[in-house]
Peer 1: 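Before I ask anything, let me first share the structure, which is written out below as C-alpha cells.
Both counts, for ligands and for their atoms, begin at 1 and track the order of listing.
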Amino acid sequence: MNYPNSRLRRLRYNPNIRNLVEDINLKTSDLIYPIFVCEGKNIKEEIKSLPGQYRYSIDNLLILTKELISLNINSVLLFGVSDKKDDSGNIACNHKSIIPKAIKKIKENHNDDILVIADLCNCSYTSHGHCGTIVDGDVDNDLTIETLCKQSIILAESGVDIIAPSDMMDGRTGEIRKELDKNGFHKIPIFPYSVKYASSFYGPFRGAVSNSLNGGDRETHQMSFKNSSEYLREIEQDINEGCDAVIIKPALSYLDIISKVKDRFNIPIIAYNVSGVYSMIKSASKENLIDEIDITMEILYSIKRAGATAIITYNAVEIAKKINKK
Ligand code: PBG
C-alpha cells in the first residue's frame with residue numbers, strides 16, 4: 001500500500017507512539033565493561049590512548065565493581081597489565097599473576113552479584129607482544145594452546161565465571177574445554193572471540209596493556225577483513241568444539257557479519273565495540289563535533305539491531321546512567 005493510504009509518519013507523531021512501536025531495547029544487563037587491572041596499591045591511572053579509562057590496582061578495582069553493581073552493570077571483562085613478561089606468557093599461569101588475584105578478590109567481595117569474564121591471551125605477558133610462543137618467526141599454534149590451557153585452569157581455580165580466549169589459535173576452544181572438564185570445571189562457559197579481524201581499530205587498546213608488538217603483525221592468526229565468508233568456518237568450528245557463545249570483534253564496520261551470524265546460527269552473540277571507536281568518538285566530542293553519549297547510544301543500538309545479544313563497551317558506565325534515568 002502506498003501514499004496517500006499509507007502514511008508512515010502516523011507512527012511517529014509523539015513519543016508514546018514511537019516508544020510503542022520500537023522493538024530494539026538496550027538494557028544495562030546487555031553491557032559488559034572492560035577493565036584493565038595492574039599491580040600496586042591505590043592506583044587509578046588514566047590510559048593516554050583511552051581517555052576516561054584507567055588502569056586499576058585491585059583495591060581500586062573493588063571500588064569500581066561496587067559502583068558498577070549499583071548501576072546494574074553486572075558483567076566485567078578483565079585484562080591484565082603486567083610488567084612481568086617472558087617468551088611464551090607462561091608467567092600468567094600462576095595464582096600470583098594479576099588476573100587470578102583480581103578474580104579472587106572480586107568474588108570474595110561480590111559473589112555472584114557480578115559476572116567475571118577473563119580475556120584469555122598471552123599478549124599482555126609476552127616480551128615480544130605476540131599472542132603466543134614464537135617458532136620460526138611466527139606464533140606457533142599448538143604450543144600457544146598449551147599455555148592457554150594452563151592459564152585457563154588457573155583462572156578457573158580463581159573463580160572466574162567465563163573464559164574468553166582472544167588469541168585466534170585453531171582448535172583452542174576444544175582443547176580448553178577438554179582441559180577444563182578434565183579438572184572438574186564443566187560448569188565454566190567458554191566465549192571465544194570466534195570472529196576477530198586483524199584490525200587497526202585495536203590501536204588504542206595496545207597502549208592500555210603496554211603492548212607495542214615488537215615487529216610483525218597479527219595477520220597470520222587474526223582474520224582478513226577482505227574475506228567475506230571465512231567467518232562461517234570460524235563460528236562452525238567453535239560451535240563444534242563446544243563454545244557457549246561467540247564474540248565478534250570489532251563490532252562497528254562488521255555489522256554485516258553480526259547480522260549473518262545471527263541469521264545462520266542459534267547461539268548468543270557478544271559484540272565488542274572496540275578501543276579505536278571509543279577513542280575516535282572521544283576526540284571528536286572534545287572538539288564539540290559530536291555528542292559522545294548520543295553517538296555511542298546510536299552505535300550500540302545498531303549493534304543490537306544487527307543481532308548482538310550483549311555488547312562489550314568502554315562507555316558502559318555513562319550508558320547505564322542514561323538508561324537508569326529513563
Ligand atoms: C588481546 C586483545 C586485543 C583486544 C582485546 N583483546 C588486542 C589485539 O588482539 O590486538 C582489543 C580490544 C580493543 O581494541 O578494544 N588479544
Side-chain angles (χ1 to χ4, degrees), residues 31-37 47-55 75-82 85 88-89 92 98-99 117-126 128-134 139 141 144-145 147-148 151-152 155 162-170 172-173 176 190-225 234 246-254 270-283 296 299-300 303 308 310-316:
L31 307 172
I32 301 169
Y33 189 47
I35 310 177
F36 300 93
V37 193
I47 299 163
K48 257 207 195 123
S49 55
L50 285 171
Q53 303 301 314
Y54 301 82
R55 296 186 193 92
S75 307
V76 293
L77 174 66
L78 300 186
F79 292 99
V81 182
S82 176
K85 299 183 191 262
S88 58
I98 185 70
I99 294 301
I117 310 171
D119 183 279
L120 174 65
C121 195
N122 292 314
C123 61
S124 293
Y125 309 100
T126 53
H128 40 70
H130 282 285
C131 300
T133 308
I134 303 291
V139 179
N141 197 85
T144 299
I145 291 180
T147 30
L148 294 174
Q151 217 196 119
S152 299
L155 294 168
I162 295 169
I163 294 181
S166 66
D167 53 286
M168 290 302 279
M169 296 301 112
D170 285 323
R172 91 284 208 203
T173 300
I176 294 168
I190 302 177
F191 290 13
Y193 293 73
S194 300
V195 175
K196 178 173 177 180
Y197 288 93
S199 170
S200 298
F201 282 103
Y202 308 149
F205 174 92
R206 301 211 176 129
V209 291
S210 59
N211 175 317
S212 54
L213 211 57
N214 280 333
D217 51 45
R218 303 215 205 279
E219 290 179 10
T220 70
H221 46 105
Q222 298 183 352
M223 295 160 61
S224 165
F225 54 76
E234 288 286 356
V246 294
I247 302 182
I248 297 179
K249 170 165 127 179
L252 202 63
S253 277
Y254 299 87
I270 316 294
Y272 200 142
N273 195 35
V274 296
S275 61
V277 174
Y278 173 84
S279 293
M280 284 195 298
I281 292 175
K282 263 286 187 231
S283 303
T296 301
I299 290 173
L300 299 187
I303 295 170
I311 307 172
I312 303 162
T313 168
Y314 299 99
N315 288 102

Peer 1: Would Y125 and Q151 count as having a side-chain donor-acceptor pair, cut-off 3.5 Å?
Peer 2: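 Checked: Y125/Q151 side chains show no N/O donor-acceptor pair below 3.5 Å.
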
Peer 1: Would you call I117 and I270 a side-chain contact if the rule is heavy atoms closer than 4.5 Å?
Peer 2: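 No, too far: nothing below the 4.5 Å cut-off.
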
Peer 1: Once ring-ring contact (aromatic ring centres under 6.0 Å, His included) is applied, do any residues pair with Y202, and if so which ones, sequence neighbours excluded?
Peer 2: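 ring-ring contact (aromatic ring centres under 6.0 Å, His included) list for Y202, sorted by chain: empty.
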
Peer 1: Which protein residues come within less than 4.0 angstrom of ligand 1, counting heavy atoms only?
Peer 2: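 Protein residues near ligand 1 are F79, D119, C121, C123, S166, K196, F201, Y202, F205, R206, R218, Q222, K249, Y272, V274, S275, Y314.
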
Peer 1: How would you list, by chain and number, every residue that makes a side-chain hydrogen bond (donor to acceptor under 3.5 Å, both in side chains) with Y314, sequence neighbours excluded?
Peer 2: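 If we apply the side-chain hydrogen bond (donor to acceptor under 3.5 Å, both in side chains) test to Y314, skipping adjacent residues, the hits are Y272.
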
Peer 1: Determine whether H130 and T144 make a side-chain contact, defined as any pair of heavy atoms from C-beta on separated by less than 4.5 Å.
Peer 2: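 The answer is no, as the side chains (C-beta and beyond) never meet within the 4.5 Å cut-off.
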
Peer 1: Can you list the residues that meet the salt bridge (Lys or Arg N to Asp or Glu O under 4.0 Å) rule with R172, with sequence neighbours excluded?
Peer 2: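 Checked R172 against salt bridge (Lys or Arg N to Asp or Glu O under 4.0 Å); matches are D167, D238.
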
